[in-house]
Amino acid sequence: MAAAQVNFEKETEDYSLLPLVYDIIKCMDKDSPDVHQELAKLKAKIQEAREQISNMPGIDCSPVGQQQQLTTLREQVRTKNQLLQKYKSLCMFEVPKAS
């Protein structure tokens, strides 16, 4: 459970680059020596975002492949729903009534 929480927090991490760009511009306006440090932060954030994107499921599939997979999955759902309706109509199961 704790591992799932950490994974969820990592997935929802903010990859907004605008605050870092703003800090860089602010440092450049002040002729601050911290510009290189801010640029390194931006570079690290971009690299982190690239790694996150490359680890996403399905990123290695082409759009056509993704569309085919989606069509196959939809067909499987449709078939399973039809089977569920068929088995419900057979009345083989006694459904307990909610009290």
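Numbers here are sequence positions counted from 1.
For the atom pair CD of E38 and NZ of K26, the computed distance is 8.5 Å after rounding to the nearest 0.5 Å. Rounding to the nearest 0.5 angstrom, the gap separating the CG atom in L84 from the OG1 atom in T79 is 11.0 Å. One finds the CG atom of D23 at 10.5 Å from the CD atom of Q37 (value rounded to the nearest 0.5 Å). Within the model, atoms CD of Q47 and CZ of R50 stand 6.0 Å from one another, a figure rounded to the nearest 0.5 Å.
Of the charged side-chain nitrogens involved, none lies within less than 4.0 Å of a carboxylate oxygen, so that E48 and K45 do not count as a salt-bridged pair.
A chain of hydrophobic side-chain contacts below 4.5 Å, direct or via other Ile, Leu, Val, Met, Phe, Trp or Tyr residues, connects L17 to I24. There is a path of hydrophobic side-chain contacts, each under 4.5 Å, that joins L20 to I46.
Here the side chain of S32 pairs no donor or acceptor atom with the backbone of V35 at under 3.5 angstrom.
For S54 against I59, the heavy-atom pair with the smallest separation is O-CG2, 3.6 Å.
Residue pairs meeting the side chain to side chain donor-acceptor pair (under 3.5 Å) criterion with at least one partner in residues 63-76, sequence neighbours excluded, are E75-R78.
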